[in-house]
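Throughout, a chain's letter reflects where its sequence line sits, starting with A, and its residues are numbered from 1.
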Amino acid sequence: MEEIRELTAKDEYARTAYKQFWGTRIIRQDPWECLISYICATYKSIAAIKHMLNNISKKFGDKTIFGGSEYYTFPSPKRLSKATIAELRTSGLGYRAKYVSETSKKIQERTFDLQGLKALQYEPAKKELITLPGVGPKVADCILLFSQDKFEAFPVDVWIKRIVLGHYGNHFSKAFIEKTSGEGSLSPKSYEMINAFGREYFGKYAGYAQEYLFHYERTLQPKSQK
DNA sequence: ACCCAGGAATTGT
DNA sequence: ACAATTCATGGG
């Protein structure tokens, strides 16, 4: 962590985020759970995402007892690939139900090698992930960062977009800032511009900077907490 | 009732 | 190629 901070806390804004939330770590999540979770996460608030994931765990996972409390495991590829789209919709997934179903089948049938991704570099692994239904550049970056040990991944969501345009706007042209700040959702080209900036500016641990900036910025906006 | 959310896929130009 | 439009639903 000392090395990561030395390499990525490159300006006052980033240093403030590190200072305030020092101790924050990036999870090394199970790749399968991470994959499905971020397919569900598109165009949803974090509170709503938690709700959706709890729903499918209760509905398709296994009940376990831990510390005297009941929990439900995250459903396996086998179980989730057998769930109907109607069942997934009932869990509140909306239009994401189809993507979860199709991707689950590819994993269960071994059409896609999720375990083999860790052996790949960032770029080829990202290219592979994007072939999955419901996985675009942003979801792929989240999966790579949180479950594939790719710490140079720099996911760009609406928060990171605002942070980069607001605090690092001097790295972009005036025309680009006006165009992208107007875009409701980022175009693929705009995503690539901000993503490339993050990886070049913050370096091989760009994902750590992303996470500290993301969390710091969100705490400054009380209405989106929890 | 209104607004937006850790975007991606599809359709139109 | 690149720019609009569509897609379901819950929480603030």
Trainee: Looking at DNA chain B, which of residues 121-139 of chain A put a heavy atom within less than 4.0 Å of it?
Mentor: A/L132, A/P133, A/G134, A/V135, A/G136, A/P137, A/K138, A/V139

Trainee: For A/A153, check side-chain contact (heavy atoms from CB on, under 4.5 Å) against everything at least two apart and list the hits.
Mentor: A/Y122, A/D141, A/L144, A/L145

Trainee: What salt bridge (Lys or Arg N to Asp or Glu O under 4.0 Å) pairs are there with at least one residue in residues 142-152 of chain A, not counting sequence neighbours?
Mentor: A/R28-A/D149

Trainee: Give A/E217 one of three labels, base, sugar-phosphate or nothing, depending on what nucleic acid heavy atoms sit under 4.0 Å from its own.
Mentor: nothing

Trainee: Can you tell me how far C1' of C/dA3 sits from CZ of A/F176, to the nearest Å?
Mentor: 15 Å

Trainee: Whole-Å distance between B/dA5 P and A/K50 NZ?
Mentor: 17 Å

Trainee: Can you list everything that forms a side-chain contact (heavy atoms from CB on, under 4.5 Å) with A/S181? Sequence neighbours excluded, please.
Mentor: A/L165

Trainee: Could you give the CD-to-P distance, from A/E192 to C/dC2, as a whole number of Å?
Mentor: 12 Å

Trainee: Under the side-chain contact (heavy atoms from CB on, under 4.5 Å) test, which residues partner A/E217, sequence neighbours left out?
Mentor: A/Y13, A/W159, A/I163, A/H167, A/L220

Trainee: Hey, does the Lys NZ or Arg CZ of A/K10 hover above the aromatic six-ring of A/Y201, less than 6.0 Å from the centre and inside 45° of the axis?
Mentor: yes

Trainee: What is the distance, rounded to the nearest whole Å, between atom CZ of A/R218 and atom C1' of C/dG12?
Mentor: 12 Å

Trainee: If the P atom of C/dA8 is compared with that of B/dT11, how far apart are they to the nearest Å?
Mentor: 13 Å

Trainee: Once you apply a heavy-atom cut-off of 4.0 Å, does A/Y99 come out as touching a base, just sugar-phosphate, or nothing?
Mentor: sugar-phosphate

Trainee: Sequence neighbours left out, cut at 3.5 Å: what donor-acceptor pairs do the side chains of residues 61-76 of chain A make with other protein atoms?
Mentor:
unit_1 : atom_1 : unit_2 : atom_2 : d
A/T73  : OG1    : A/D62  : N      : 2.9
A/S76  : OG     : A/R79  : N      : 3.1

Trainee: Measure the distance from CD1 on A/I49 to C1' on C/dG12 and round it to the nearest whole Å.
Mentor: 15 Å

Trainee: Taking only residues two or more places apart in sequence, or in another chain, which ones meet A/E183 in a salt bridge (Lys or Arg N to Asp or Glu O under 4.0 Å)?
Mentor: A/K179

Trainee: To the nearest angstrom, how far is A/K98 atom NZ from C/dT6 atom P?
Mentor: 16 Å

Trainee: Within the 4.0 Å heavy-atom criterion, would you say A/E211 contacts the bases, only the backbone, or no part of the nucleic acid?
Mentor: base

Trainee: If we take the C1' atom in both C/dG10 and B/dA9, what is their distance in whole Å?
Mentor: 22 Å

Trainee: Output every pair passing salt bridge (Lys or Arg N to Asp or Glu O under 4.0 Å) with a member in residues 95-112 of chain A, not counting sequence neighbours, ordered by first then second residue.
Mentor: none

Trainee: What is the distance, rounded to the nearest whole Å, between atom OH of A/Y38 and atom P of B/dA5?
Mentor: 16 Å

Trainee: Backbone N or O of A/V100 within a donor-acceptor pair of the A/T103 side chain at under 3.5 Å?
Mentor: no

Trainee: So, using salt bridge (Lys or Arg N to Asp or Glu O under 4.0 Å) as the criterion, who are the partners of A/R15 when residues are at least two apart?
Mentor: A/E12

Trainee: Can you give me the N/O atom pairs linking the protein to nucleotides 7-11 of chain C at distances under 3.5 Å, or say none if there are none?
Mentor:
unit_1 : atom_1 : unit_2 : atom_2 : d
C/dA8  : OP1    : A/R89  : NH2    : 2.9
C/dA8  : O4'    : A/Y95  : N      : 3.3
C/dT9  : O2     : A/K44  : NZ     : 2.1
C/dG11 : OP1    : A/H51  : ND1    : 3.3

Trainee: Which heavy-atom pair separates A/P133 from A/I39 by the least distance, and what is that distance?
Mentor: O-CD1, 3.8 Å

Trainee: Looking at residues at least two apart in the chain, or sitting in another chain, which of them share a side-chain contact (heavy atoms from CB on, under 4.5 Å) with A/A209?
Mentor: A/T8, A/Y18, A/F202

Trainee: Check the distance between C/dA4's C1' and A/E183's CD and give it to me in whole angstrom.
Mentor: 11 Å

Trainee: Using nucleotides 11-13 of chain B, report all nitrogen or oxygen pairs with the protein that are shorter than 3.5 Å.
Mentor:
none

